[in-house]
*Asks:* 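Take a look at the following structure, please.
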Amino acid sequence: MGKYFGTDGFRGEAGITLTADHAYKVGRFLGWYYNALRERNGDTDPARIVIGKDTRRSSYMFEYSLVAGLTASGADAYLLHVTTTPSVAYIARVDDFDCGIMISASHNPYYDNGIKLINGEGEKMEESVISLVEDYLDGKVEITCARNENIGKITDYIQGRNQYISYLTSTTIHSFRGYKVGLDCANGAASSIAKTVFEMLGARTYMIHDEPDGLNINVDCGSTHIESLQKFVVEKGLDVGFAFDGDADRCFAVDEKGNVLDGDLIMYLCAVHMKERNALIDDTVVATIASNMGVEKALEKQGIRMKRTPVGDKYVSLEMQEHGYSIGGEESGHIIFNKYSTTGDGILTAIRVMEIIVGKKTMPSFLTAGVTLF
């Protein structure tokens, strides 16, 4: 980890340890760096950088600061506005962007925020580039400013978010018609996407915590405060519920009885399902040292190995990339499905769980009946 950027970006209390000036400088350097990279490759077109944000009040401040920095360096900025981290990763990859930026502090309180950098492959930014960004933040690097017609432009890119929604619905052949699904959006980024996705797939959706006001993100809701969804699912007689965090790269599920399926249990049921269909590469799940030993033992009974990494979805992703494994994740609900995504995606995870429920024509409580948590 660097001086500013940790395993999940540059995070801090907005206006104190992470300021608008920091965001401007990050934009300035990235715009300059990717333009210089293009020039070295003989490409005279300006760099293209896509930006998303969650619902924190400070996200607007950081969005405008990043855009000012990018355009001042001659890069073009494309704005997805309020959207999820995995949507930025997806669009950066499929729409040929030089990189993506997500403004979010994930599950943290509203007064924190963060800047996540994503490369053009939809993966976390290389450490070599992050080190250069940090050098610029510390005044060790000088860069030029764009002038005249070389100043960058700004494009509203709502079509990118719509494209991502269409992609999510295309990842399953099942209709969710007839199922009653609860969605806890944590008053965060999922509020702009989750309901549309599940309704397009035919589910009857029951929403809670989907009215962000800039200050209520993650407040007693979402995957870090699952109790309200547990109560909601039971009271409304729902078939299943899903809770996301602030930027929707995590997902917890709640079965029809109100029991919680954390990331470990979701990995278990998905891995077993994939093995049954010969889709689990090397019969291996990648987890971290924090994953529950009971889940590992249950997987072993199914002929599935759990390979562990240090805590952090970054390390899970690296292990999966190196060996081509199909699924990996963390107890916290970051689940990566290599077939569909380069990063943890809460809404995609919920679709995968629904696919199993619908395909097996069973209630979710039966899917993890073979697991005894330690």
*Asks:* Do Ser58 and Asn113 have side-chain atoms, one donor and one acceptor, less than 3.5 Å apart?
*Replies:* yes

*Asks:* What are the two closest non-hydrogen atoms of Glu13 and Thr17, and how far apart are they?
*Replies:* N-OG1, 2.7 Å

*Asks:* Using atom types as modelled and distance alone, determine if a side-chain donor or acceptor of Asn292 lies under 3.5 Å from a backbone N or O of Phe374.
*Replies:* yes

*Asks:* Do you see a donor-acceptor pair shorter than 3.5 Å between the side chains of Asp255 and Ser365?
*Replies:* no

*Asks:* Before giving the answer on side-chain contact (heavy atoms from CB on, under 4.5 Å), spell out for Val133 and Leu30 the whole-Å C-alpha distance, their side-chain angles and the decisive distance to 0.1 Å.
*Replies:* CA-CA 7 Å; Val133 174; Leu30 290 177; 4.0 Å; yes

*Asks:* Is Asp135 reaching over with its side chain to a backbone N or O of Lys140, donor-acceptor style, under 3.5 angstrom?
*Replies:* no

*Asks:* Given Lys124, which of Asn119, Asp313, Thr343 fulfils the side chain to side chain donor-acceptor pair (under 3.5 Å) condition?
*Replies:* Asp313

*Asks:* Grab the two heavy atoms, one from Asn108 and one from Asp112, that are nearest each other, plus how far apart they are.
*Replies:* ND2-OD2, 3.3 Å

*Asks:* Can you check whether Glu39 reaches Thr44 side chain to side chain, under 4.5 Å on heavy atoms?
*Replies:* no

*Asks:* Would you indicate whether the side-chain heavy atoms of Ser228 and His209 approach each other to under 4.5 Å?
*Replies:* yes

*Asks:* Look at the side-chain heavy atoms of Ile, Leu, Val, Met, Phe, Trp and Tyr, link any pair under 4.5 Å apart, and say whether Val358 and Leu367 land in one connected group.
*Replies:* yes

*Asks:* With a 4.5 Å cut-off on side-chain heavy atoms, are Phe97 and Ile49 touching?
*Replies:* no

*Asks:* Between Lys53 and Glu63, is there a side-chain N and carboxylate O pair less than 4.0 Å apart?
*Replies:* yes

*Asks:* Given side chains that start at C-beta, do those of Ile357 and Val240 come closer than 4.5 Å, heavy atoms only?
*Replies:* yes

*Asks:* Give, for atom OG of Ser104 and atom NZ of Lys116, the distance between the pair rounded to the nearest 0.5 Å.
*Replies:* 5.0 Å

*Asks:* Kindly say whether Asn162 contributes a backbone atom to a donor-acceptor pair with the side chain of Ser166 at under 3.5 angstrom?
*Replies:* yes

*Asks:* Is the distance between the ring centroids of Tyr179 and Phe198 under 6.0 Å?
*Replies:* no

*Asks:* Any chance the side chains of His225 and Asn218 put a donor and an acceptor closer than 3.5 Å?
*Replies:* no

*Asks:* Could you check if a side-chain atom of Lys180 sits within less than 4.5 angstrom of a side-chain atom of Glu256, using non-hydrogen atoms only?
*Replies:* no

*Asks:* Examine Ile208 and Ile217 and state if one hydrophobic cluster contains both, with Ile, Leu, Val, Met, Phe, Trp and Tyr joined whenever side-chain heavy atoms are less than 4.5 Å apart.
*Replies:* no

*Asks:* Quick test of your reading of the model: are Asp98 and Arg38 salt-bridged, counting only N-O distances below 4.0 Å?
*Replies:* yes

*Asks:* Quick check against the 3.5 Å criterion: does Thr84 have a side-chain atom that pairs as donor or acceptor with the backbone of Ser87?
*Replies:* yes

*Asks:* For ring-ring contact (aromatic ring centres under 6.0 Å, His included), just list the numbers for Phe252 and Phe242, CA-CA rounded to whole Å, side-chain angles, deciding distance to a tenth of an Å, and then say yes or no.
*Replies:* CA-CA 6 Å; Phe252 272 21; Phe242 298 102; over 10 Å; no

*Asks:* Using distance alone, with no hydrogens and no angle criterion, decide if Asp345 and Tyr340 have a side-chain donor and acceptor under 3.5 Å apart.
*Replies:* no

*Asks:* Can Lys307 and Glu319 be counted as an ion pair, charged N to O under 4.0 angstrom?
*Replies:* yes

*Asks:* Checking Asn216 side chain against Glu211 main chain: does a donor-acceptor pair fall under 3.5 Å?
*Replies:* yes

*Asks:* Is the backbone of Leu80 close enough, under 3.5 Å, to the side chain of Thr83 for a donor and an acceptor to pair up by distance?
*Replies:* no

*Asks:* Distance-only, no hydrogens or angles: does the Thr205 side chain make a donor-acceptor pair with backbone N or O of Val181 under 3.5 Å?
*Replies:* no

*Asks:* Under a plain distance cut-off of 3.5 Å, with no hydrogens placed, do Gln163 and Asp95 share a side-chain donor-acceptor pair?
*Replies:* yes

*Asks:* Keeping the roles fixed (side chain from Asp249, backbone from Gly344), state whether a donor-acceptor pair exists under 3.5 Å.
*Replies:* no

*Asks:* Atom CD of Gln230 and atom CD of Glu235: how far apart are they, to the nearest 0.5 Å?
*Replies:* 12.0 Å

*Asks:* Between Phe176 and Phe244, is there shared hydrophobic-cluster membership here, with clusters defined by ILVMFWY side-chain heavy atoms closer than 4.5 Å?
*Replies:* yes

*Asks:* Check the pair Val141, Ile143 against side-chain contact (heavy atoms from CB on, under 4.5 Å), reporting the backbone distance first and the verdict last.
*Replies:* CA-CA 7 Å; Val141 177; Ile143 61 177; 4.0 Å; yes

*Asks:* Decide yes or no on salt bridge (charged side-chain N to carboxylate O under 4.0 Å, His left out) for Arg56 and Asp54, but give the supporting numbers first.
*Replies:* CA-CA 6 Å; Arg56 295 162 212 271; Asp54 70 15; 2.7 Å; yes

*Asks:* Indicate yes or no: does Lys301 engage Glu296 in a salt bridge with an N to O separation below 4.0 Å.
*Replies:* no

*Asks:* Between Ser291 and Asp264, is there a side-chain donor-acceptor contact under 3.5 Å, judged purely by atom types and distance?
*Replies:* yes

*Asks:* Output, in order, the C-alpha distance, side-chain angles, deciding distance and verdict of ring-ring contact (aromatic ring centres under 6.0 Å, His included) for Tyr64 and Tyr24.
*Replies:* CA-CA 8 Å; Tyr64 298 146; Tyr24 173 75; over 10 Å; no

*Asks:* Passes side-chain contact (heavy atoms from CB on, under 4.5 Å), Arg57 versus Tyr110? Steps please.
*Replies:* CA-CA 8 Å; Arg57 181 175 293 181; Tyr110 81 90; 5.7 Å; no

*Asks:* Taking the side chain as every heavy atom from C-beta outward, state whether Ile327 and Val286 have any pair of such atoms under 4.5 Å apart.
*Replies:* no

*Asks:* To the nearest 0.5 Å, how far apart are CD1 in Ile289 and CD in Glu331?
*Replies:* 13.0 Å

*Asks:* In the structure I gave you, are the side-chain heavy atoms of Ile335 and Met267 within less than 4.5 Å of one another anywhere?
*Replies:* yes

*Asks:* Please answer whether the main-chain N or O of Leu229 pairs with a side-chain N or O of Asp184 as donor and acceptor at a distance below 3.5 Å.
*Replies:* no

*Asks:* Can you find a heavy atom in the side chain of Arg305 that is under 4.5 Å from one in the side chain of Leu299?
*Replies:* no

*Asks:* Cut-off 3.5 Å, side chains only: do Asp245 and Ser106 have a donor facing an acceptor?
*Replies:* yes

*Asks:* Looking only at side-chain N and O atoms, does Arg352 offer a donor or acceptor that is under 3.5 Å from a partner on Thr172?
*Replies:* no

*Asks:* Hey, are Lys195 and Asp210 close enough for a salt bridge, meaning a charged N less than 4.0 Å from a carboxylate O?
*Replies:* no

*Asks:* For residues Tyr167 and Tyr90, establish whether the separation of their ring centroids is below 6.0 Å.
*Replies:* yes

*Asks:* Would you say the side chains of Thr288 and Glu330 form a donor-acceptor pair under 3.5 Å?
*Replies:* no

*Asks:* Can a salt bridge be assigned to the pair Asp76 and Arg48 using a cut-off of 4.0 Å between side-chain N and carboxylate O?
*Replies:* no

*Asks:* Does either side chain, that of Ser131 or that of Glu127, offer a donor lying less than 3.5 Å from an acceptor on the other one?
*Replies:* no

*Asks:* Do you know the tightest heavy-atom contact between Gly246 and Ala186?
*Replies:* N-CB, 4.4 Å

*Asks:* Please verify the inter-ring angle class for Tyr4 with Phe10; under 30° counts as parallel, over 60° as perpendicular, anything in between as tilted.
*Replies:* tilted

*Asks:* Measure the spacing between CD1 of Ile336 and OG1 of Thr342 and express it to the nearest 0.5 Å.
*Replies:* 8.0 Å

*Asks:* Say whether, by atom type as modelled, one donor and one acceptor occur between the side chain of Ser326 and the main chain of Ala279 under 3.5 angstrom.
*Replies:* yes

*Asks:* Is it the case that the side chains of Ser73 and Arg28 hold a donor-acceptor pair, with the cut-off being a distance below 3.5 Å and no angle test?
*Replies:* yes

*Asks:* Would you sort out whether Val254 and Leu261 count as a side-chain contact (heavy atoms from CB on, under 4.5 Å), showing the intermediate values?
*Replies:* CA-CA 6 Å; Val254 172; Leu261 280 67; over 6 Å; no

*Asks:* Regarding Arg250 and His107, do their side chains bring together a donor and an acceptor under 3.5 Å, going by distance alone?
*Replies:* yes

